[in-house]
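Contents: one structure, followed by commentary.
Lettering follows sequence order; numbering is per chain, from 1. Because the structure is predicted, anything quoted here is derived from the model rather than measured.
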Amino acid sequence: MVTTSTSASGRAVRGGQGKPLLSIRDFKVEYRTGSGTTVQAVRGVDLDLFPGESLALVGESGCGKTTFGLGLLRLLPRLGHASGQVTFNRGDGTEIDVLGLDGRDLRSFRWRDAAMVFQGAMNAFNPVLKIRAHMHDTMRAHTKASKQEIEDRAGELLRLVRLEPSRVMDSYPHELSGGMRQRVLIAMSLLLEPEVLILDEPTTALDILTQRSVVDVLHEVRERLGFSMIFISHDLSLAAELADRVATMYAGRIIETGGVRDMFYKPRHPYTLGLIKAVPPIVGDLPDMESIPGGPPSLASLPPGCTFNPRCKYATEECKEIDPPLIPITDEPGDYHEVACIHSKDVHLDRRVQDEMGTAS
Amino acid sequence: MSAQELSPQDTVRTPLMTLDGVSQVFSTKAGPIRAVDNIDLSINPGEVLCLVGESGSGKTTAARMAAGLARPTSGQVAFDGTDIWSLKRNDFTAFRRSVQYVHQDPYASLNPTRTILQTITAPLFKHGLVKSKKAAAERAVELLTKVDLTPAENYLSKYPHQLSGGQRQRVAVARALTLDPKLIIADESTSMLDVSIRISVLAMLGRLRDDLGVGFLFITHDLAIAKYFGWRGKTAVMYLGRIVEFGPTPKIINAPTHPYTRALIDAIPEPDPDLTKTKGRESLRSLEIPSLAHLPSGCSFHPRCPQFEDGLCDGAIPELVTIRSGQSAACHVVARDGVPGVGDGGRPDEPGA
């Protein structure tokens, strides 16, 4: 529900005031699984996204990352139900209760305030429509722009993502390569200048050099247009590259969040630590690697206490009893570094390099 | 060919497998596609050879030829010194037994209607290696234990859909081990797995490599994985059907010479925020990968290469030449000038060759 009337000039206000753009409190998503039972895929997430910030949501598959993203944009399938409080701050003082939107207001929230770039770039397009038609449809559905204005805007954005409009506009999605499709999708999502862009695994399934071009494009457009970004990825390297802040998700909850440097150099949750240790860096010698035993628990039957305890090497009896809340770290400086682990004081990353032959020439 | 044959350690080792000038040309309506063009590779017993490259570089086609699943258009694939396509029927069966393939997708490579026990024992019965069901089951338990599926008895009666991706891939590896292979061809075997599980499967494969002395042809698009698994082995980098760089894995990762390999290594984001933001990156001249049907003249990387020199690179196809000891690259510029900007003491041994 829009609480006050929106003015067009309000959109120009970006950043400042220290007020979060998107404020999420006790966000839950439930899926109905038949015969009256439900599974909670997102189990109470509190998160703030500040203007201009880039937040990475990391975790293994099945941790609720995508469900969380879909829930924020109210794109859940019919069996899914989101609850909690999601407030979007339009910047002109207007506050929108996202979960209460419907009809026109919901339509104007999507694309204009927040847009999403989906994982499978091919599936996000209508295969029988040219890129031009996609651009025009989107703009016409949301604005009163003239044909020429749409052409200009689309051309401008395509050039921003390093594509040649004259070539791309008249192509069908299947005529473009994977990386080009992904870049067209990014351009399209920016058509209506959203304040928040949610990207779900934006570079997964792309080749290395193509992935690099998409990442570079994201850096560039964000610098130019200054939108905020939530991106969902299982790839920690990508988070290191693109994020200002990282949140680790496990079994439907955020179990650690902090600035990108804090998270990568001083992770304090055993799960974040495990994820970092499982990703080998490319340059340098062979580091010591470790895997996290087992897999994420089924959301239908979560272990008692801390949901990570069956896989955790720091786990004690106490961990089986209490599910720790996300609390700020007090023994080290750093802003907004919060962790949900009773043993966080014992968790330290030290990366040793394996003493191996083969390094000497 | 007996399975317990040991490789002589001190004498000159016959490579387990060699690919000698192997090409695969597919004829299509658009004209011939040279998916693999004149590559040479060799794998010693118990050695790891990583084949890396982007999609469409011909990695899988090369692997299929090495496994005897596709017949090369030209060139020779030899196993234990013999051309596999000249083998008699029985010997070919023995070759098939010695070389096993682990596919990318464990959801598709396991028969959904067979239990794990049936999947693992099928090759044993097929090749007549066990006499009774009891012996087969015992062998299955042994194999499942080897791939860390314990207690193995719990898994025997399960169907693939009851297992997670990592567990399925372990079953696929156990199946590949049933016939005591000397070479395992792993085609993107870990790319569908979650990061945390990937490392444990790789560690398991590494143990097999060390304990059983199995050779590996390890195919991946992920250089980080090649680095982890093939650190003590060699790596070949493929681009559009050709090998553009070859050498010991640490050299390829930390001192790449070919502009394509350098671009790949530079392009990979690091799991370290400071490092990844300061990593030097040369921009490519073009983002588009040329089509295999219309390969650019000369070096096929020249339209994208930051070191492109007019007249030199678009002329002749560069040969793979030794740049420094053990490391070779197919690049006109590097062959002439040596390696720019890499000052680790590795001066080019034979510039120009």
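For a residue to count as touching a neighbouring chain, one of its non-hydrogen atoms must lie under 4.5 Å from one of that chain's; by this rule B:Ile197 touches chain A with the side chain only. Using a 4.5 Å cut-off between heavy atoms, A:Met263 does not touch chain B at all.
Among A:Gly179, A:Gly284, A:Gly274, A:Ser213, the residue with the largest count of heavy-atom pairs under 4.5 Å with chain B is A:Gly284. Heavy-atom pairs under 4.5 Å with chain A were tallied for B:Ser164, B:Ala226, B:Ser200, B:Ala263; the largest tally goes to B:Ser200. Comparing A:Leu238, A:Thr210, A:Val215, A:Val260 by how many heavy-atom pairs each has under 4.5 Å with chain B, the most go to A:Val260. Chosen from B:Lys227, B:Arg304, B:Lys279, the residue pairing most often with chain A at heavy-atom distances under 4.5 Å is B:Lys227. Ranked by non-hydrogen atom pairs under 4.5 Å with chain B, the options A:Ile208, A:Leu236, A:Ile292 are led by A:Ile208.
The main-chain N or O of A:Leu242 is never found under 3.5 Å from a side-chain atom of B:Lys277 such that the two would form a donor-acceptor pair. At distances below 3.5 Å, at least one donor-acceptor pair connects side-chain atoms of A:Asp207 with backbone N or O atoms of B:Ser55.
With contacts defined as side-chain heavy-atom distances shorter than 4.5 Å, the pair A:Phe264/B:Asp272 does not qualify.
Note that the CD1 atom of B:Ile253 and the CD1 atom of A:Ile282 stand 4.5 Å from one another [nearest 0.5 Å]. Atoms CG and CG, on A:Leu209 and B:Leu284 in that order, are 5.5 Å from each other to the nearest 0.5 Å.
B:Glu270 and A:Ser237 share no side-chain donor-acceptor pair at under 3.5 Å.
Heavy-atom contacts from other residues, nucleotides or ligands closer than 6.0 Å to CZ of A:Arg167 number 12 or fewer.
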